[in-house]
Amino acid sequence: MSSVDIHGDTELAAQSCRVLSQMAQIRPVLDKIADKWTILILIVICPKPSRFNEIKRRLDGITHKALADALKRLERNGLVTRTVLPTSPVGVEYAITPQGHALREPFEALCAWALEHGSELDAASTRFDQQQKAQA
């Protein structure tokens, strides 16, 4: 093992310790942004503000209640704004805030990772399930 590897491993261990020591601060934030729909909702409204039904249409599989709850939670956490439009009938438009927009880069990286490694995860799950079945 070279000294570069030792340094890298030491730095990784130190970073891991820092993260673990700050877990009490990190976990509540991750709980607010890493649920089932938040990332996808923010990706949908990031390019331009959108109305409720447009968001729902673009998020295949989300229920009306799940979207309403998620948008309310995102608004409460300062990631989304809700604007009532003076139309008939009254419309509501959701837009991403600067704080929410700051999540764009990490969320895009996470989505790219998911696209790149999704098949590997599926293959690993299949192998695991087959091993479990063979052991039973």
Side-chain angles (χ1 to χ4, degrees):
M1 181 182 272
S2 71
S3 61
V4 174
D5 293 333
I6 292 170
H7 174 73
D9 289 346
T10 303
E11 182 58 32
L12 183 60
Q15 177 66 22
S16 180
C17 287
R18 280 192 294 276
V19 168
L20 290 174
S21 70
Q22 297 170 332
M23 195 62 69
Q25 293 172 281
I26 295 170
R27 184 173 178 168
V29 174
L30 292 179
D31 286 345
K32 291 176 183 176
I33 64 169
D35 63 28
K36 183 175 181 177
W37 293 108
T38 295
I39 294 171
L40 296 174
I41 291 169
L42 291 177
I43 288 171
V44 166
I45 64 173
C46 194
K48 67 179 180 61
S50 301
R51 289 182 173 213
F52 184 94
N53 284 332
E54 181 182 355
I55 298 167
K56 187 173 184 310
R57 225 180 356 265
R58 294 189 61 199
L59 295 176
D60 186 38
I62 193 167
T63 65
H64 184 94
K65 181 178 178 1
L67 180 56
D69 291 348
L71 287 168
K72 189 176 290 188
R73 190 173 53 257
L74 290 169
E75 183 181 10
R76 180 176 183 262
N77 291 328
L79 301 173
V80 165
T81 59
R82 179 182 184 271
T83 304
V84 178
L85 304 172
T87 58
S88 181
V90 173
V92 177
E93 189 173 72
Y94 295 90
I96 196 164
T97 65
Q99 183 176 348
H101 196 64
L103 288 168
R104 182 178 183 179
E105 189 175 327
F107 281 178
E108 285 177 347
L110 184 59
C111 289
W113 185 92
L115 289 171
E116 184 177 339
H117 297 283
S119 60
E120 295 168 30
L121 293 175
D122 290 342
S125 295
T126 299
R127 277 192 309 276
F128 180 87
D129 293 345
Q130 289 171 346
Q131 289 171 351
Q132 294 297 306
K133 199 175 198 179
Q135 292 175 0

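Here the closest heavy-atom approach between residue R73 and residue T38 is recorded as NH2-OG1, 4.1 Å. Scanning both residues, V44 and R58, for their nearest heavy atoms gives O-NH1, 3.5 Å. In terms of heavy atoms, H101 sits closest to C46 at ND1-SG, 3.2 Å. When all heavy atoms are compared, the tightest approach of I41 to A70 is CD1-CB, 3.5 Å. When every heavy atom of T97 is checked against every heavy atom of G78, the shortest pair comes out as OG1-O, 2.6 Å. Residue I33 comes nearest to F107 through the heavy atom pair O-CZ, 3.8 Å, listed as atom of the first residue, atom of the second, then distance.
Within the 4.5 Å cutoff, the side chain of L71 has no heavy atoms near those of the E75 side chain. Residues K56 and H64 form a side-chain contact, since some pair of their non-hydrogen atoms from C-beta on lies under 4.5 Å apart. Side-chain contact between V84 and R82 is present, with at least one heavy-atom pair separated by less than 4.5 Å. Using a 4.5 Å heavy-atom threshold, the side chains of P49 and T83 count as separate.
Atom CD1 of I96 sits about 5.5 Å away from atom CD1 of I45, to the nearest 0.5 Å. Separation of atoms CG (D69) and CG (L74) is listed at 11.0 Å; rounding is to 0.5 Å. Distance check: E54 CD to L59 CG gives 10.5 Å after rounding to the nearest 0.5 Å. Atom-to-atom distance recorded for E116:CD and C111:SG is 13.0 Å, nearest 0.5 angstrom. Atoms CG and CD1, on L110 and I39 in that order, are 5.0 Å from each other to the nearest 0.5 Å. Rounding to the nearest 0.5 Å places CZ of R127 at 11.0 Å from CG of D129.
Other residues sharing the hydrophobic cluster of W113, ordered by chain and number and joined by side-chain separations under 4.5 Å: L121.
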Can L85 and R51 be said to form a side-chain contact (heavy atoms from CB on, under 4.5 Å), step by step? CA-CA 10 Å; L85 304 172; R51 289 182 173 213; 3.3 Å; yes
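Summarising the local packing, CD of E120 is surrounded by more than 12 heavy atoms from other residues, nucleotides or ligands at distances under 6.0 Å.
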